[in-house]
Amino acid sequence: MTDPIEPANVHPAPVAMLVLASTSPRRLELLGRLGVVPDRLAAPDIDETPLPCEAARDYAQRLALGKARAVARGADEIVLAGDTTIAVGPRILGKPEDEADLRRMLRLLSGRRHHCLSAVCVIGPDGRERVRLSDSIVAFRPLASAEIDAYVDSGEGMGKAGGYAIQGRAEAFVRFLHGSHSGVVGLPLMETRALLRAAGLPLA
């Protein structure tokens with residue numbers, strides 16, 4: 001009787017660690033909807049000033065890539081970064097500088113459509129950079145001056161691209177949305193899931 005053949009020692013490949021290049025609670029919560037919890041958070045520090053004549057689509061993708069590159073990445077880590085940009089025609093609406101700037105943005109958005117461009121960048125353990133862009137069209141109903149004043153007073157729009165948070169009180173302003181709701185919030189989940197899987201993060 002021969003001895004059974006012992007299987008060779010097979011060590012499974014280590015699962016890559018995920019770094020979220022953001023301290024945004026919205027992006028953290030959205031990742032949780034994919035069943036993903038980052039192993040660590042890192043705040044990227046980059047210049048977010050648009051380049052002369054830069055298209056909004058290019059701007060959003062450049063910032064997502066820049067944020068991902070700005071975070072130190074270990075050999076076994078995947079870095080995820082995102083950027084959300086609001087564009088009205090060729091105009092890029094960033095985060096309002098003050099309440100007067102926020103009022104200006106809301107008046108510009110009132111009663112018209114705009115694009116919410118949400119870019120995602122993932123850098124895998126092999127250093128490969130992958131970027132995808134979600135382009136959603138959002139239409140606001142006409143806003144009365146009193147509504148704009150009340151929204152500004154709420155403080156919700158400060159620190160938000162375009163001066164509003166669709167997951168908050170501003171959702172009542174939305175007459176029409178075509179595209180990714182999660183992208184408008186700050187992280188398009190379909191694109192994010194595809195990029196994380198392509199980088200080797202095991203997802204169901």
Side-chain angles (χ1 to χ4, degrees), residues 20 22-34 36 48-51 53-65 67 80-121 131-195:
L20 176 60
S22 173
T23 56
S24 165
R26 299 180 305 281
R27 291 198 174 106
L28 188 61
E29 188 272 334
L30 287 168
L31 266 182
R33 297 184 190 180
L34 294 176
V36 174
E48 299 189 15
T49 305
L51 301 176
C53 303
E54 186 174 26
R57 297 174 65 89
D58 297 335
Y59 171 76
Q61 292 177 93
R62 178 174 65 83
L63 259 59
L65 179 59
K67 290 176 182 179
L80 167 67
D83 182 78
T84 301
T85 296
I86 302 298
V88 181
R91 286 169 287 192
I92 295 173
L93 302 187
K95 299 173 183 177
E97 298 178 359
D98 50 33
E99 290 188 352
D101 195 30
L102 175 53
R103 282 189 173 85
R104 176 189 66 84
M105 291 183 182
L106 293 173
R107 292 191 188 104
L108 185 61
L109 296 172
S110 174
R112 66 189 302 176
R113 295 185 179 190
H114 60 272
H115 286 263
C116 179
L117 303 161
S118 197
V120 185
C121 177
V131 180
R132 291 187 67 174
L133 180 73
S134 168
D135 183 354
S136 299
I137 299 174
V138 183
F140 273 18
R141 60 176 173 78
L143 305 177
S145 295
E147 288 181 296
I148 292 176
D149 290 341
Y151 191 71
V152 171
D153 291 343
S154 76
E156 181 179 272
M158 297 304 298
K160 309 294 194 305
Y164 73 91
I166 197 171
Q167 72 276 17
R169 295 176 58 172
E171 189 164 6
F173 300 160
V174 177
R175 177 175 58 83
F176 171 86
L177 190 157
H178 178 72
S180 169
H181 185 273
S182 61
V184 181
V185 175
L187 192 69
L189 293 184
M190 184 184 74
E191 290 81 359
T192 299
R193 180 180 182 276
L195 290 180

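These figures come from a predicted structure and were not determined experimentally.
Between the CG atom in Leu106 and the CD1 atom in Ile148 there is a gap of 5.5 Å [rounded to 0.5 Å]. The line from NE2 of His178 to CG of Asp135 is 9.0 Å long, rounded to the nearest 0.5 Å. With rounding to the nearest 0.5 angstrom, the CG atom of Leu187 is 8.5 Å from the OG atom of Ser24. To the nearest 0.5 Å, atom CG of residue Leu102 and atom NZ of residue Lys95 are 14.0 Å apart. Between atom CG of residue Leu117 and atom CD1 of residue Ile92 there is a gap of 8.5 Å, rounded to the nearest 0.5 Å. Distance check: Glu48 CD to Leu63 CG gives 5.0 Å after rounding to the nearest 0.5 Å.
Between Ala170 and Tyr151, the shortest heavy-atom contact is CB-OH, 3.5 Å. The heavy-atom pair separating Pro96 from Met158 by the smallest distance is O-CE, 3.6 Å. Considering all non-hydrogen atoms of both residues, Ala165 and Lys160 come closest at CB-CE, 4.0 Å.
A donor-acceptor contact shorter than 3.5 Å links the side chain of Arg141 to the backbone of Ala172.
Applying the side-chain contact (heavy atoms from CB on, under 4.5 Å) criterion to Asp149, with sequence neighbours excluded, gives Arg103. Residues forming a side-chain contact (heavy atoms from CB on, under 4.5 Å) with Ser180 (at least two apart in sequence, or on another chain): Ser134, Ser136, Ser182, Pro188. Legend: residues meeting salt bridge (Lys or Arg N to Asp or Glu O under 4.0 Å) with Glu54, ordered by chain and number and at least two apart, are Arg62. With sequence neighbours excluded, the residues satisfying side-chain contact (heavy atoms from CB on, under 4.5 Å) with Ala64 are Asp83, Ala119, Cys121. The ring pair (Phe, Tyr, Trp, His ring centres under 6.0 Å) check on Phe140 picks up His114, Tyr164, Phe173, with sequence neighbours excluded. Checked against side-chain contact (heavy atoms from CB on, under 4.5 Å), Arg91 has the following partners two or more places apart in sequence or in another chain: Val88, Leu108, Arg112. Legend: residues meeting side-chain hydrogen bond (donor to acceptor under 3.5 Å, both in side chains) with Asp58, ordered by chain and number and at least two apart, are absent. For Ser118, the side-chain hydrogen bond (donor to acceptor under 3.5 Å, both in side chains) partners two or more places apart in sequence, or in a different chain, are Thr84. Residues forming a side-chain hydrogen bond (donor to acceptor under 3.5 Å, both in side chains) with Arg107 (at least two apart in sequence, or on another chain): none. Applying the side-chain hydrogen bond (donor to acceptor under 3.5 Å, both in side chains) test to Arg113 and every residue at least two apart in sequence or in another chain returns nothing. Contacts of Glu29 classified as salt bridge (Lys or Arg N to Asp or Glu O under 4.0 Å), with partners at least two apart in sequence or in another chain: Arg33.
Annotation: side-chain hydrogen bond (donor to acceptor under 3.5 Å, both in side chains) contacts involving residues 166-177, sequence neighbours excluded, are absent.
Contact annotation: the side chain of Leu109 approaches that of Ile86 to within less than 4.5 Å [non-hydrogen atoms, C-beta and beyond]. Side-chain contact between Leu80 and Leu31 is present, with at least one heavy-atom pair separated by less than 4.5 Å.
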key: Criterion side-chain contact (heavy atoms from CB on, under 4.5 Å) on Leu30 and Thr192, from CA distance to verdict   = CA-CA 10 Å; Leu30 287 168; Thr192 299; over 6 Å; no
